[in-house]
Amino acid sequence: MSYFFSKFLPLFLLPLGLALLLLLLSNRRKNSFKIYTAILILWTFSTGVVANGLWILLEFPWQRLNANQVPSSDAIVVLSGSGINQSPGSNKIIEWADPDRFFAGIDLFKERKASKLLFTGGLSPFRRNLPTEGAFYRKKAIELGIPASDIWVSPIVSNTVQEALAIANLLNPQDREYQPQILLVTSAYHMNRAKWIFERQGLKVNAFPVDFQSRKLSRILGNPLNWAPNASMLGKSSSALREIMGRIIYQIFY
């Protein structure tokens with residue numbers, strides 16, 4: 001049920017789904033107000049100004065750090081996030097989708113910021129043909145020279161709450177009065193929600209955000225193309241709104 005609420009329900013509330021719903025309703029009763037509202041929604045969230053503004057909001061107040069700028073901790077925790085894909089063909093080769101989280105974790109370990117490197121075993125229920133991200137990351141980390149004995153992988157997880165529970169159990173399965181300190185590695189837009197959820201499991205969190213998507217506001221406003229509708233910006237707005245909805249859903253249910 002939680003997977004449905006966090007993944008599927010927002011589809012009907014995002015700009016494209018909402019605009020299509022309004023157009024379907026207007027077609028039955030020839031309601032011009034719904035048609036113009038649908039157009040306004042699509043135009044607004046298809047502009048670079050709105051899309052990038054939403055990302056600035058999501059990524060606030062985080063900044064990209066160097067590995068030597070953060071304190072040492074008990075463990076480095078790298079969250080899953082659709083970082084791998086299976087390429088077409090019979091060879092079933094796994095390719096990177098977004099390696100930022102993985103390489104940030106590697107850098108932190110090489111800086112000796114923790115003695116343990118933990119990857120979460122992220123796996124979508126609809127992508128069972130793939131290994132878990134954690135298993136893939138572990139293999140690649142070993143190839144880069146990280147000792148296998150220092151790498152842990154959580155059981156299969158499908159959302160941030162499950163990741164937090166799994167990591168808490170790995171680091172501190174019995175004595176919940178002790179609070180392990182972790183370096184949490186995830187995308188900047190996801191950090192606020194992830195930090196809150198991990199802290200609710202009794203972990204002390206030092207944030208290490210990566211994968212920044214926002215741009216300087218002055219550059220956004222000064223580019224006239226950012227005021228015109230663009231399909232890629234609609235996708236970017238939708239991703240930002242999905243995260244905002246995710247924060248609301250997690251506050252209500254968790």
Side-chain angles (χ1 to χ4, degrees), residues 3 6-7 10 14 48 50-67 69-70 73 75-85 95-109 113-114 117-124 127 130 132-134 136-137 140-141 153-154 157-164 166-167 182-201 203 205-217 220 232-251 254:
Y3 192 87
S6 62
K7 303 297 183 183
L14 294 174
V50 172
N52 285 291
L54 288 170
W55 278 91
I56 290 173
L57 176 66
L58 284 178
E59 295 181 346
F60 179 82
W62 307 113
Q63 295 182 355
R64 188 63 163 91
L65 303 171
N66 292 318
Q69 291 179 286
V70 294
S73 300
I76 299 158
V77 177
V78 180
L79 301 190
S80 301
S82 301
I84 57 174
N85 288 313
E95 295 184 329
W96 294 101
D98 188 345
D100 289 340
R101 301 183 187 187
F102 169 79
F103 284 112
I106 297 296
D107 289 343
L108 289 168
F109 188 86
K113 293 300 179 179
L117 178 58
L118 276 64
F119 297 117
T120 59
L123 185 65
S124 166
R127 303 178 73 188
L130 290 174
T132 69
E133 284 190 47
F136 179 81
Y137 290 165
K140 294 299 179 182
V153 178
S154 82
V157 292
S158 60
N159 59 40
T160 312
V161 170
Q162 291 179 7
E163 287 180 305
I167 294 301
I182 65 170
L183 275 167
L184 184 62
V185 181
T186 190
S187 299
Y189 78 91
H190 181 239
M191 182 58 77
N192 282 320
R193 176 158 57 109
K195 186 174 184 292
W196 177 78
I197 291 170
F198 272 76
E199 287 174 341
R200 283 179 63 87
Q201 294 303 318
L203 300 170
V205 177
N206 294 313
F208 195 83
V210 297
D211 188 28
F212 283 79
Q213 301 294 320
S214 60
R215 301 294 179 264
K216 289 185 177 180
L217 186 60
I220 297 168
S232 65
M233 290 299 106
L234 178 61
K236 193 170 183 177
S237 290
S238 297
S239 296
L241 290 170
R242 179 189 289 275
E243 174 60 21
I244 292 171
M245 292 176 191
R247 293 182 185 184
I248 296 170
I249 290 171
Y250 274 62
Q251 288 282 350
Y254 303 107

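Values in this document were obtained by computation on a predicted structure and should not be read as measured data. If you read the sequence from its start, that first residue is 1, and numbering goes on from there.
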Calculate, to the nearest 0.5 Å, the distance between atoms [atom1] and [atom2] belonging to [X] and [Y] respectively.
X	Y	atom1	atom2	result
L203	I197	CG	CD1	12.0 Å
L183	L118	CG	CG	11.5 Å
I167	F198	CD1	CZ	5.5 Å
L58	R193	CG	CZ	10.0 Å
L123	S82	CG	OG	10.0 Å
K195	I182	NZ	CD1	10.0 Å

Apply side-chain contact (heavy atoms from CB on, under 4.5 Å) to [X] and list each qualifying residue two or more places apart in sequence or on a separate chain.
X	value
I56	S214, L217, I220
D211	D98, D100, S187, Q213
T186	L79, R101, H190, M191, A194
A166	S154, P155, V157

Discussion item. Tell me every residue that passes side chain to side chain donor-acceptor pair (under 3.5 Å) with R247, counting only those two or more places apart in sequence or in another chain.
Written reply: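 With sequence neighbours excluded, R247 shows a side chain to side chain donor-acceptor pair (under 3.5 Å) to E243, given in chain and number order.
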Practice prompt. Quick one: closest heavy-atom pair of A104 and F208, and the distance?
Written response: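 Taking A104 first and F208 second, the nearest heavy atoms are CB-CE2, 3.8 Å.
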Practice prompt. For residues S238 and L14, report the shortest heavy-atom separation together with the two atoms involved.
Written response: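 Nearest pair, atom of S238 first, then L14: O-CD2, 3.6 Å.
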Discussion item. With side-chain contact (heavy atoms from CB on, under 4.5 Å) as the criterion, how do Y250 and N159 come out once you've worked through the C-alpha distance, each side chain's angles and the decisive distance to 0.1 Å?
Written reply: CA-CA 11 Å; Y250 274 62; N159 59 40; 3.4 Å; yes
Does any non-hydrogen side-chain atom of [Y] lie less than 4.5 Å from one of [X]?
X	Y	value
L108	L117	no
E163	S80	yes
V50	M233	no
N206	V70	no
L54	I244	yes

Worksheet entry | Results of salt bridge (charged side-chain N to carboxylate O under 4.0 Å, His left out) for K113 - residues two or more places apart only |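 With neighbours one apart ignored, the set is empty.
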Item to complete: Please name all residues satisfying salt bridge (charged side-chain N to carboxylate O under 4.0 Å, His left out) with K236, sequence neighbours left out, ordered by chain then number.
Response: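 With sequence neighbours excluded, K236 shows a salt bridge (charged side-chain N to carboxylate O under 4.0 Å, His left out) to no residue whatsoever.
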Discussion item. Among residues at least two apart in sequence or on other chains, which ones pass ring pair (Phe, Tyr, Trp, His ring centres under 6.0 Å) with W196?
Written reply: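 Once residues adjacent in sequence are excluded, W196 has no partner under the ring pair (Phe, Tyr, Trp, His ring centres under 6.0 Å) criterion.
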Item to complete: Could you tell me which residues satisfy ring pair (Phe, Tyr, Trp, His ring centres under 6.0 Å) with Y137, sequence neighbours excluded, listed by chain and number?
Response: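 Once residues adjacent in sequence are excluded, the partners of Y137 under the ring pair (Phe, Tyr, Trp, His ring centres under 6.0 Å) criterion are W96, F102, F119.
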What pairs of donor and acceptor atoms, side-chain ones from residues 60-67 against any protein atom, are under 3.5 angstrom apart with sequence neighbours left out?
residue	atom	partner	partner atom	Å
W62	NE1	N192	OD1	3.2

Worksheet item: Any sub-3.5 Å donor-acceptor pair from E133's side-chain atoms to G81's backbone N or O?
Response: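 Checking the backbone N and O of G81 against the side chain of E133, a donor-acceptor pair under 3.5 Å is found.
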